[in-house]
Novice: 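Got a structure for you, written out below as structure tokens; questions coming shortly.
Remember, predicted model here, so these are calculated numbers, not experimental data.
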Amino acid sequence: MKTKLCFIVLFLISTNFIYSQKIGVDSKGKSIFSFYTLTDYRIEFAVDEPLSVSTSFRRLISSFSASGKPTIIKNSGFYLNASLLNSSDFIALNNLKDINPGLGLKLGYQKSIKSFTDIDLTPNGTFAYGVNGVFNMDNIKLYNETSNTVDRKFPLSYGVEGNFTYFSNKKLRNMLSFNFSYAKTWNDDELLNFKKKSDAIVTTDIVAFEEFDGRYGILNTNVDKIRVSASSPFYWGYINPIPYAVLVSASNSNPKYFFGTFVNILNKPLEKKDYAIPASFGIGIDWTYTSEQKWSSANIFIRGSINFGKMK
């Protein structure tokens, strides 16, 4: 198992086709720095979305100049994403057949940066932004603690998400990135995991098993959730550190705060001129704070994606 995981990590680091719509994420797999390249076919892999495919259409290209010299080329267009969802906090790579995938769809409009020809000529920097409508149908096996029954449930979520990033012309290419989302959703964070006693080893002190069977608790499908994140990405040689803070507020619980850093390892340093965001593979660490449990232990996670080339 460890050998397989090491091989996957080495592959993601070494390949020249690693890009991402989510340049940086938190430990829940949610974006803290988004960069939409609307001219690529794209497949992504992550714990929250084991498989994600995205594309765009009705694209427009606009260029900007200063003193007669080109500075920035931007893309704008409609964005479409379809994904398989995973309602667990992890994926067992040796038992993928037991994943109960849900379905996710996003449709929106994005105005992004295609390339920076000479951002030094733009004293105020530039920006990118976008908004998406979101629809998710999760797939969970639920043990109802009231009726003591196990049922298959397909809770729905729908809402809207937005992103805004400011790109400065400073030496380290500092940025400010903000993400916002609102969803009518279900109580994913409140449900526990369960395992049948007959499939576990139970002693007076411990319970041992390979993996969970499903979720445990009372399903609530009327939860309002707001998420806001702020980050300050910058580029330094072959690394792209992204310190961030996240607030998650839900109608059924007290607010949660995430503080951490996501670091991308680049396949090449960011050029001063004529550059686009380089290929990268990322690893992150964060801590969660709540008023009930105070600080959590450190959460360590990785993320990568594969780019399948340019659209015509």
Novice: May I ask whether Tyr129 and Leu176 are part of the same hydrophobic cluster, defined by side-chain heavy atoms of I, L, V, M, F, W, Y residues being less than 4.5 angstrom apart, directly or through others?
Specialist: yes
Novice: Report yes or no: is the cationic atom of Lys111 (NZ for Lys, CZ for Arg) closer than 6.0 Å to the six-membered ring centre of Tyr36, at no more than 45° off its axis?
Specialist: no
Novice: What's the verdict on side chain to side chain contact (heavy atoms under 4.5 Å, CB included) for Leu219 and Leu191, showing C-alpha distance, side-chain angles and the deciding distance?
Specialist: CA-CA 8 Å; Leu219 182 64; Leu191 298 180; 4.3 Å; yes
Novice: Stepwise, does the side chain to side chain donor-acceptor pair (under 3.5 Å) test hold for Asp286 with Tyr244?
Specialist: CA-CA 9 Å; Asp286 68 15; Tyr244 63 87; 2.8 Å; yes
Novice: Begin from the C-alpha positions of Lys225 and Asp189 and carry the test salt bridge (Lys or Arg N to Asp or Glu O under 4.0 Å) through to its verdict.
Specialist: CA-CA 11 Å; Lys225 181 178 288 187; Asp189 294 334; 3.4 Å; yes
Novice: Quick one: do Ile285 and Ile302 end up in the same hydrophobic cluster if we chain Ile, Leu, Val, Met, Phe, Trp and Tyr together by side-chain heavy atoms under 4.5 Å apart?
Specialist: yes
Novice: Using a cut-off of 6.0 Å, state whether more than 12 heavy atoms not belonging to Ile201 lie near its atom CD1.
Specialist: no
Novice: How are the rings of Tyr109 and Phe78 set to each other: parallel, tilted or perpendicular (split at 30° and 60°)?
Specialist: perpendicular
Novice: For the pair Lys184 and Asp224, find out whether any cationic side-chain nitrogen is under 4.0 Å from an anionic carboxylate oxygen.
Specialist: yes
Novice: How far apart are the closest heavy atoms of Leu142 and Gly217, and which atoms are they?
Specialist: CD1-O, 3.9 Å
Novice: Checking side chain to side chain contact (heavy atoms under 4.5 Å, CB included) for the pair Val246/Tyr257: CA distance, chi angles, key distance, verdict?
Specialist: CA-CA 6 Å; Val246 179; Tyr257 303 89; over 6 Å; no
Novice: Look up atom CG in Leu107 and atom CG in Asn132, then write down how far apart they are to the nearest 0.5 Å.
Specialist: 7.5 Å
Novice: Is a donor on one side and an acceptor on the other found under 3.5 Å between the side chain of Arg215 and the backbone of Asn144?
Specialist: no
Novice: Quick check: Phe259 with Trp287 (ring centres under 6.0 Å apart)?
Specialist: no
Novice: Can you see which heavy atom on Ala128 is nearest to which on Ser112, and at what distance?
Specialist: CB-CA, 4.0 Å
Novice: Indicate whether any N or O donor in one side chain lies under 3.5 Å from an N or O acceptor in the other, for Asn264 and Asn240.
Specialist: yes
Novice: Does the gap between the ring centers of Tyr143 and Phe194 come in under 6.0 Å?
Specialist: yes
Novice: Going by distance alone, is a donor N or O of one side chain under 3.5 Å from an acceptor N or O of the other, for Asp205 and Thr203?
Specialist: no
Novice: Do the charged groups of Lys195 and Asp213 touch, with an N to O distance under 4.0 Å?
Specialist: yes
Novice: Looking only at atom types and distance, does a side-chain atom of Ser168 sit under 3.5 Å from a main-chain N or O of Gly125, one as donor and one as acceptor?
Specialist: no
Novice: Tell me, with the steps shown, if Phe258 and Ser27 meet side chain to side chain contact (heavy atoms under 4.5 Å, CB included).
Specialist: CA-CA 9 Å; Phe258 296 79; Ser27 56; 4.0 Å; yes
Novice: Are Phe135 and Trp186 linked, directly or through other ILVMFWY residues, by side chains that come within less than 4.5 angstrom of each other?
Specialist: no
Novice: Enter the distance from Thr221:OG1 to Asp138:CG here, rounded to the nearest 0.5 Å.
Specialist: 12.0 Å
Novice: Treating Ile, Leu, Val, Met, Phe, Trp and Tyr as nodes and any side-chain heavy-atom pair under 4.5 angstrom as an edge, say whether Ile242 and Phe35 lie in one connected cluster.
Specialist: yes
Novice: Go through the steps to decide whether Asn163 and Gln110 satisfy the test side chain to side chain donor-acceptor pair (under 3.5 Å), and finish with yes or no.
Specialist: CA-CA 9 Å; Asn163 62 84; Gln110 298 291 330; 3.2 Å; yes
Novice: Please say whether more than 12 non-hydrogen atoms of neighbouring residues, nucleotides or ligands are located less than 6.0 Å from NZ in Lys106.
Specialist: yes
Novice: Could you check, using the six-membered ring where one of them is a Trp, whether Phe116 and Phe167 have ring centers closer than 6.0 angstrom?
Specialist: yes
Novice: Should we count CD of Glu292 as having more than 12 external heavy atoms under 6.0 Å?
Specialist: yes
Novice: Measure across Ser157 and Thr185 and return the closest heavy-atom pair with its distance rounded to 0.1 Å.
Specialist: OG-OG1, 2.7 Å
Novice: Going by salt bridge (charged side-chain N to carboxylate O under 4.0 Å, His left out), name the residues that satisfy it together with Asp26, two or more places apart in sequence or in a different chain.
Specialist: Arg227
Novice: State, without any angle test, whether Asn220 and Glu190 hold a side-chain donor-acceptor pair at a distance under 3.5 Å.
Specialist: no
Novice: Do you reckon Val25 sits in the same ILVMFWY cluster as Val134, going by side-chain contacts under 4.5 Å, direct or chained?
Specialist: no
